[in-house]
Protein chains: 2
Amino acid sequence: MVAKKKDVIDLSSSLPDIWRILTDTEREILRHSARIVNFKKNELIYLEDDIPKELMCLFTGKVKIFKNGIGGRSQIIRIIRPVQYFGYRAYFARENYVTAAMAFESCTVCMIPLELIEKFLRGNGNLAFFFIQLLSVDLGIADQRVVNLTQKHVRGRLAESLLALKESYGLEEDGATINIYLAREDLASLSNMTTSNAIRTLSNFVNERIIAIDGRKIKIIDEERLHKISRMG
Amino acid sequence: MVAKKKDVIDLSSSLPDIWRILTDTEREILRHSARIVNFKKNELIYLEDDIPKELMCLFTGKVKIFKNGIGGRSQIIRIIRPVQYFGYRAYFARENYVTAAMAFESCTVCMIPLELIEKFLRGNGNLAFFFIQLLSVDLGIADQRVVNLTQKHVRGRLAESLLALKESYGLEEDGATINIYLAREDLASLSNMTTSNAIRTLSNFVNERIIAIDGRKIKIIDEERLHKISRMG
DNA sequence: ATAGAACTATGTTCTAAAACACAAATATAC
DNA sequence: GTATATTTGTGTTTTAGAACATAGTTCTAT
């Protein structure tokens with residue numbers, strides 16, 4: 001967790017949407033309040049029950065938001081890609097964090113005091129509307145996720161997760177390999193299944209020539225089939 | 001669906017929070033744009049894929065927000081009590097509704113054009129922050145719900161639903177009977193289980209003297225036990 | 001008031017996925 | 001670079017809960 005010199009990074013190009021909406025004065029204040037923090041692979045960014053203090057914007061890297069469920073069984077709630085904002089919900093709800101955040105791989109995160117953000121958006125309806133939109137989209141995804149995770153079978157849930165990972169992090173140069181290096185356990189936690197089941201179902205997909213695996217790297221061979229399996233449940 | 005004369009209801013006392021935050025001009029506009037609509041028991045308020053046009057505030061009655069999942073198996077996403085706002089998320093996310101809303105029992109709903117609300121909150125940061133808070137709280141609940149519904153066993157999920165119903169709609173004069181008249185199917189759809197399982201588990205709770213049932217009326221006898229079952233999963 | 005529909009109840013069977021067990025392969029730390 | 005820990009892979013067993021069947025009961029509409 002090393003704080004870089006602020007002006008190494010050009011906030012105007014790195015903080016999309018927000019920067020555009022702010023007034024000049026607000027931008028100046030922001031420039032002096034934001035800090036950049038680096039996290040190593042598997043490093044925790046915040047913990048369940050922590051007090052939310054800063055709005056975070058992921059500049060580079062990959063982050064998972066997860067929850068410790070019944071009997072400590074953890075579940076990935078959502079994944080963050082550059083350039084997305086996170087860590088603000090609990091503050092706005094006047095709660096402590098109910099989730100934790102961890103770096104999948106080394107990350108650069110921009111931190112902005114939430115007090116400042118609240119002050120800005122109380123005086124800037126368009127900035128506030130930007131957050132209303134973020135929250136509204138996420139709430140829709142969460143509602144859909146409840147149905148997907150509870151009603152789809154393992155194959156459907158795994159297919160869905162693979163497609164979601166592709167959607168979030170994209171493909172490598174070969175245009176087929178999902179651009180993330182994920183343990184089977186994380187894949188399981190994202191798809192709400194046991195690690196054994198994730199491994200087994202992944203093997204089945206390989207046998208059915210839907211995907212190919214090389215260690216932790218997953219190549220999508222038949223995306224259409226994957227969509228179909230996800231849809232069918 | 002009969003539109004009442006607007007001034008029959010005193011908006012200033014019926015639209016909590018929002019009214020307080022508005023300016024006098026905004027209040028005057030709102031007074032002329034809001035309409036009151038009544039819904040009969042089991043009447044649909046809006047449908048999946050409908051275009052969201054109005055912010056709704058439930059004045060009296062009880063409403064369920066639900067989704068048709070895989071193979072048409074429907075699932076209750078959240079329940080609305082007076083005086084709560086609903087029906088705005090999709091509009092803010094620039095989506096059509098992904099859920100449907102139905103009256104559990106006869107309802108009175110206040111409808112306000114969302115275009116107007118958006119205009120208001122873009123110019124009134126405090127009003128916008130009110131919606132940010134609503135969405136933030138709901139998103140936290142949704143995240144928690146994902147874990148509860150996927151990790152808890154049927155007993156835990158049913159116990160949780162009973163407590164949630166008590167929390168939302170309260171108890172009758174006897175201080176024990178949950179103040180809602182719900183089909184077993186709805187209870188199942190709220191707890192993500194089959195109707196058979198809801199009936200069976202409810203019977204078990206009766207045998208264990210945790211609750212008592214008289215038709216659709218459910219009396220909580222041992223709330224502490226219910227909490228424990230819900231927590232344990 | 002009565003017929004038909006919808007809901008409630010309970011027993012039985014079946015199955016998807018969890019739990020468990022262990023071996024092989026990788027990763028990580030020293 | 002080697003030792004230890006973690007992750008991956010696969011077979012076997014167990015179980016929670018879905019699916020199905022059927023009967024009794026309670027709504028609801030005419």
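As a basis for the values below, the full set of heavy atoms in this structure was taken, side chains included, without hydrogen atoms, waters or symmetry mates. By convention in this document, chain letters (A, B, ...) are assigned in the order of the sequence lines, proteins followed by strands, and residues within each chain are numbered from 1.
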Euclidean distance, atom [atom1] of residue [X] to atom [atom2] of [N] [Å, nearest integer]:
X: L158(A); N: dA16(C); atom1: CG; atom2: P; result: 17 Å
X: D186(A); N: dA27(C); atom1: CG; atom2: P; result: 15 Å
X: K217(B); N: dC27(D); atom1: NZ; atom2: P; result: 12 Å
X: L182(B); N: dT8(C); atom1: CG; atom2: C1'; result: 14 Å
X: I70(B); N: dA19(D); atom1: CD1; atom2: P; result: 13 Å
X: L187(A); N: dT7(D); atom1: CG; atom2: C1'; result: 14 Å
X: D214(B); N: dA9(C); atom1: CG; atom2: P; result: 11 Å
X: R73(B); N: dG17(D); atom1: CZ; atom2: C1'; result: 10 Å

Report the nucleotide, chosen from [options], that has the shortest atom-to-atom distance to any side-chain atom of [X].
X: A183(B); options: dT8(C), dA18(D), dA18(C); result: dT8(C)
X: R157(B); options: dG17(D), dC7(C), dT10(D); result: dG17(D)
X: R184(A); options: dG9(D), dT28(D), dA18(C); result: dG9(D)
X: I199(B); options: dT10(D), dT8(C), dT7(D); result: dT8(C)
X: H153(A); options: dG17(D), dA16(C), dT28(D); result: dA16(C)

[N] phosphate, OP1 or OP2: any side-chain N/O from [X] under 4.0 angstrom?
X: R216(B); N: dC7(C); result: no
X: T195(A); N: dT7(D); result: no
X: S203(A); N: dT10(D); result: yes
X: T194(A); N: dA18(C); result: yes
X: N197(A); N: dA16(C); result: no
X: Y181(B); N: dC27(D); result: yes

Next item on the list: Report the residue (N42(B) or S196(B)) whose heavy-atom-nearest nucleotide on DNA chain D is the more 5′ of the two.
Entry: S196(B)
Next item on the list: Between I213(A) and N192(B), just flag the one whose closest nucleotide in DNA chain D comes earlier from the 5' side.
Entry: I213(A)
Margin query: Using heavy-atom distances to pick each residue's nearest nucleotide on DNA chain C, tell me which of G215(A) and L202(B) is more 5'.
Written below: L202(B)
Check: Rounded to the nearest 0.5 Å, how far does CG of L58(B) lie from CD1 of I45(B)?
Finding: 7.0 Å
Check: Atom CZ in F66(A), atom CG in L44(A): separation rounded to 0.5 Å?
Finding: 5.5 Å
Note to self: Looking at E185(B), I want to see if its CD is surrounded by more than 12 non-hydrogen atoms of other residues, nucleotides or ligands under 6.0 Å.
What the structure shows: no
Checklist line | K217(B) atom NZ, over 12 foreign heavy atoms within 6.0 Å | finding: yes
Check: Can Y88(B) and I117(B) be said to form a side chain to side chain contact (heavy atoms under 4.5 Å, CB included), step by step?
Finding: CA-CA 10 Å; Y88(B) 54 91; I117(B) 293 291; over 6 Å; no
Check: With sequence neighbours excluded, what pairs up with Y91(A) under the side-chain hydrogen bond (donor to acceptor under 3.5 Å, both in side chains) test?
Finding: E118(A)
Notebook entry, point to check: Within the modelled atom types, does a donor on one side and an acceptor on the other bring the side chain of R200(B) and the base of dG17(D) under 3.5 Å apart?
Noted result: no
